[in-house]
Enquirer: 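Provided herewith is a single structure, encoded as structure tokens, for subsequent inquiry.
A, B, ... follow the sequence lines: proteins, then strands. Residue 1 opens every chain.
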Amino acid sequence: MEILMQALPGFRDFFPADCARRNYITGTWRRVAQTFGFQEYDGPTLEAMELYRKKNSGGEILGQLFSFTDKGEREVALRPEMTPTLARLLIAKVRDFRKPIKWFSIAPFFRYEKQQSGRLREFLQLNCDLVGDASLGADAEMIALLIETMRAFGLTAEDIVVRVSDRRAWTDFLTSEGVIEVAAVREVLAIIDKLERESRESLEIKLAVFGLKLATIEDFIASAQPDFFTALKTNLEARGLGDFCELDLRIVRGLAYYTGTVFEVFDRRKERRALAGGGRFDRLLFDLSDGKTDLSAIGFGIGDVVLGDLLESIPTTKALMDASIAQQLACDIFIVIADESRRPEALGVIGLLRAQGRRVNYSLSADKVARQFKDANASGAMIAVVIGEEWPLVKIKDLKSRTESTWDQAALADWSANLQTPAP
RNA sequence: GUGGCCGUAGCUCAAUGGUAGAGCCCCGGAUUGUGAUUCCGGUUGUUGCGGGUUCGAAUCCCGUCGGCCACCCCA
């Protein structure tokens with residue numbers, strides 16, 4: 001296969017079935033976010049590189065920037081995440097909106113890394129952010145939105161878990177242990193982040209630099225019961241979502257701008273990377289605006305790649321997704337022109353049905369009836385309407401039950417008008 | 001960026017160093033206005049690409065590109 005005929009590494013083609021699958025995911029995201037009263041926004045795909053440098057996201061994001069110099073000698077980058085763009089929009093027009101601001105976006109993102117399981121160079125992400133409310137109720141609302149989004153795909157507490165943590169709990173604890181400087185705290189958190197992946201010996205050595213022992217850290221993780229979590233759990237239990245949520249102080253997240261509550265969603269079997277992640281970033285807007293805008297914020301992102309993989313691996317969620325895909329690819333009605341001399345009448349019926357919003361297919365040129373029924377069957381239509389010698393009556397064939405009956409045109413129009421086409 | 005495995009038809013895969021194949025898909029047909037099955041026929045390969053070894057390479061070696069996976073980090 002010539003290279004020209006392939007997408008670039010880490011980029012995807014979307015054939016109709018892939019588009020339908022994507023629509024299922026993004027449509028579900030959009031629907032749930034709207035039920036929580038969130039409004040959709042978007043920004044440019046390309047941003048000035050400076051935006052990401054200034055925000056100091058930390059972690060690998062700077063190294064993974066898909067960046068280049070444009071024809072005007074500007075250093076630019078395809079956006080690797082939404083938060084800097086959101087911050088830019090908010091700082092520009094923050095006084096135009098009543099608080100709290102509840103916004104979501106569904107957009108493509110780019111990271112230049114080697115593709116592997118669950119990781120591509122271009123992916124979609126749902127971003128939900130709540131700005132201007134620092135209360136615990138806001139944290140709970142965001143985590144509830146995250147859980148409800150997952151539930152909308154048929155995922156249950158048996159399938160996924162939200163691991164919740166709090167950076168304030170860590171800073172308080174580290175302060176009591178004598179680690180006070182901001183830079184030192186950040187470094188220790190980076191070590192905590194690797195707790196599940198690195199050897200005990202290596203962790204012990206790294207912690208010793210800050211006068212810490214691994215046992216002390218593990219004690220804290222095992223025994224700490226921060227007040228915020230008790231309240232959060234009570235809130236979620238009132239919504240019937242308590243089973244989804246667990247305290248797990250090992251979660252600290254790599255991005256530097258998080259200040260309080262942080263959380264990540266994983267599959268229960270721990271076979272995959274994080275499905276979603278987020279947290280509170282109460283200082284980001286202040287820092288980015290050089291002190292002009294001071295608003296607390298909490299948000300999360302869900303990527304489409306790991307989520308899509310997980311949905312395909314669970315029979316019940318796969319069935320829901322496949323049903324949506326089939327529904328999107330199908331048409332509603334197939335017109336069989338059994339007598340070619342009736343084509344003008346058939347085109348009239350087709351136009352009427354289409355005006356009602358029905359999805360209608362038919363043979364564009366004279367075809368044998370057998371061929372037309374084969375096409376009707378493959379089209380996914382519920383019924384075939386045979387137009388021929390019965391005219392002005394039409395023969396209706398239910399393609400599933402294979403039964404036929406003769407209707408007048410008013411009955412067809414009536415049936416069609418009442419047909420509900422479900423949303424993706 | 002580092003390392004491991006892999007690369008044969010549109011897809012899934014066969015072929016001891018000795019003539020590149022099968023299934024699926026797609027297209028056409030099986031006399032009259034009826035689609036699931038069946039039957040018949042048909043298209044498709046610079047064996048990813050470039051070198052090397054050999055009388056002879058899909059097969060062995062080197063390079064390169066691409067895919068999958070791990071590390072790093074994370075959606």
Enquirer: With distance as the sole criterion, do the side chain of Glu122(A) and the base of rA75(B) form a donor-acceptor contact below 3.5 Å?
Expert: no
Enquirer: Verify, without hydrogens or angle tests, whether Thr85(A) (side chain) and Gly43(A) (backbone) share a donor-acceptor contact under 3.5 angstrom.
Expert: no
Enquirer: C1' atom, rC13(B) versus rA20(B): distance in rounded Å?
Expert: 14 Å
Enquirer: Check every strand shown and say whether Ala376(A) touches a base, only sugar-phosphate, or nothing at a heavy-atom separation below 4.0 Å.
Expert: nothing
Enquirer: Whole-Å distance between rG1(B) C1' and Tyr112(A) OH?
Expert: 10 Å
Enquirer: Would you classify Gln372(A) as touching base, sugar-phosphate or nothing, given that sugar-phosphate means primed atoms plus P, OP1 and OP2, and contacts are heavy atoms under 4.0 Å?
Expert: nothing
Enquirer: Tell me: CG of Leu311(A) to P of rA75(B), nearest whole Å?
Expert: 18 Å
Enquirer: At 4.0 Å (heavy atoms only), tell me whether Leu126(A) reaches a base, stays on the sugar-phosphate, or touches nothing.
Expert: nothing
Enquirer: Which whole number of Å gives the distance between the P atom of rG29(B) and that of rG67(B)?
Expert: 40 Å
Enquirer: Is the NZ or CZ atom of Arg163(A) positioned over Phe266(A)'s six-membered ring, under 6.0 angstrom from the centre and within 45° of the axis?
Expert: yes
Enquirer: Take atom P in rC5(B) and the same atom in rC61(B), then report the distance between them in whole Å.
Expert: 11 Å
Enquirer: Tell me which nucleotide among rG3(B), rG67(B), rG33(B) gets nearest to the side chain of Gln115(A).
Expert: rG67(B)
Enquirer: Provide, to the nearest angstrom, the distance between the CD1 atom belonging to Ile333(A) and the P atom belonging to rG35(B).
Expert: 21 Å
Enquirer: Is the base of rA75(B) stacked against the aromatic ring of Phe123(A), taking ring centres under 5.5 Å apart and planes under 30° as the test?
Expert: yes
Enquirer: Under 4.0 Å, heavy atoms only, any strand: does Lys368(A) hit a base, just the sugar-phosphate, or nothing?
Expert: sugar-phosphate
Enquirer: Have a look at Val386(A) and say if it touches a base, only the backbone sugar-phosphate, or nothing, with a 4.0 Å heavy-atom cut-off.
Expert: base
Enquirer: Considering all heavy atoms of both residues, which atom of Val306(A) and which atom of Arg273(A) are nearest to each other, and what is their separation?
Expert: CG1-O, 3.6 Å
Enquirer: Does the structure place the NZ or CZ of Arg22(A) under 6.0 Å from the centre of the six-membered ring of Phe14(A), at an angle of no more than 45° from the ring's axis?
Expert: yes
Enquirer: Name the nucleic acid region contacted by Arg253(A), choosing base, sugar-phosphate or nothing; use a 4.0 angstrom heavy-atom cut-off, strictly under.
Expert: sugar-phosphate
Enquirer: Base, sugar-phosphate, or nothing for Arg371(A), non-hydrogen atoms under 4.0 angstrom?
Expert: sugar-phosphate
Enquirer: Expressed in whole Å, how much space separates the C1' atoms belonging to rU19(B) and rU59(B)?
Expert: 16 Å
Enquirer: Under 4.0 Å from OP1 or OP2 of rC68(B): is there any side-chain N or O of Gln116(A) that close?
Expert: no
Enquirer: Can you confirm whether or not the ring centre of Phe104(A) sits under 6.0 Å from the ring centre of Trp29(A)?
Expert: no
Enquirer: Look at Arg273(A) and rC72(B) and indicate whether a side-chain polar atom (N or O) is within less than 4.0 Å of OP1 or OP2.
Expert: no
Enquirer: Sticking with atom C1', work out how far rA9(B) lies from rA14(B), rounded to a whole angstrom.
Expert: 13 Å
Enquirer: Look at the side chain of Glu404(A) and the base of rU34(B), then say whether one donor and one acceptor between them are separated by less than 3.5 Å.
Expert: yes
Enquirer: Under 4.0 Å, heavy atoms only, any strand: does Glu390(A) hit a base, just the sugar-phosphate, or nothing?
Expert: base
Enquirer: Which part of the nucleic acid, if any, lies within reach of Leu124(A) when heavy atoms closer than 4.0 Å are counted: base, sugar-phosphate only, or nothing?
Expert: nothing
Enquirer: Using atom CD of Glu113(A) as one end and atom P of rU2(B) as the other, report the distance to the nearest whole Å.
Expert: 16 Å
Enquirer: Distance check, P atoms only: rC40(B) and rA22(B), in whole angstrom units.
Expert: 14 Å
Enquirer: How far does the P atom of rG7(B) sit from the matching atom of rA15(B), given to the nearest Å?
Expert: 11 Å
Enquirer: Check for me whether the distance between the ring centres of Phe153(A) and Tyr24(A) falls short of 6.0 Å.
Expert: yes
Enquirer: Between Phe11(A) and Lys194(A), which has a closest nucleotide on RNA chain B that is more 5'?
Expert: Phe11(A)
Enquirer: Can you check the Leu310(A) CG to rA75(B) C1' distance for me, whole Å?
Expert: 13 Å
Enquirer: Between Gly118(A) and Pro9(A), name the one whose nearest nucleotide on RNA chain B is closer to the 5' end.
Expert: Pro9(A)
Enquirer: When you check the phosphate oxygens OP1 and OP2 of rC73(B), does a side-chain N or O of Gln64(A) lie under 4.0 Å from one of them?
Expert: no
Enquirer: On a whole-Å scale, what distance lies between the C1' atoms belonging to rU16(B) and rA70(B)?
Expert: 34 Å
Enquirer: Report which part of the nucleic acid Asp193(A) touches: base, sugar-phosphate, or nothing (heavy-atom distance under 4.0 Å, all strands).
Expert: sugar-phosphate
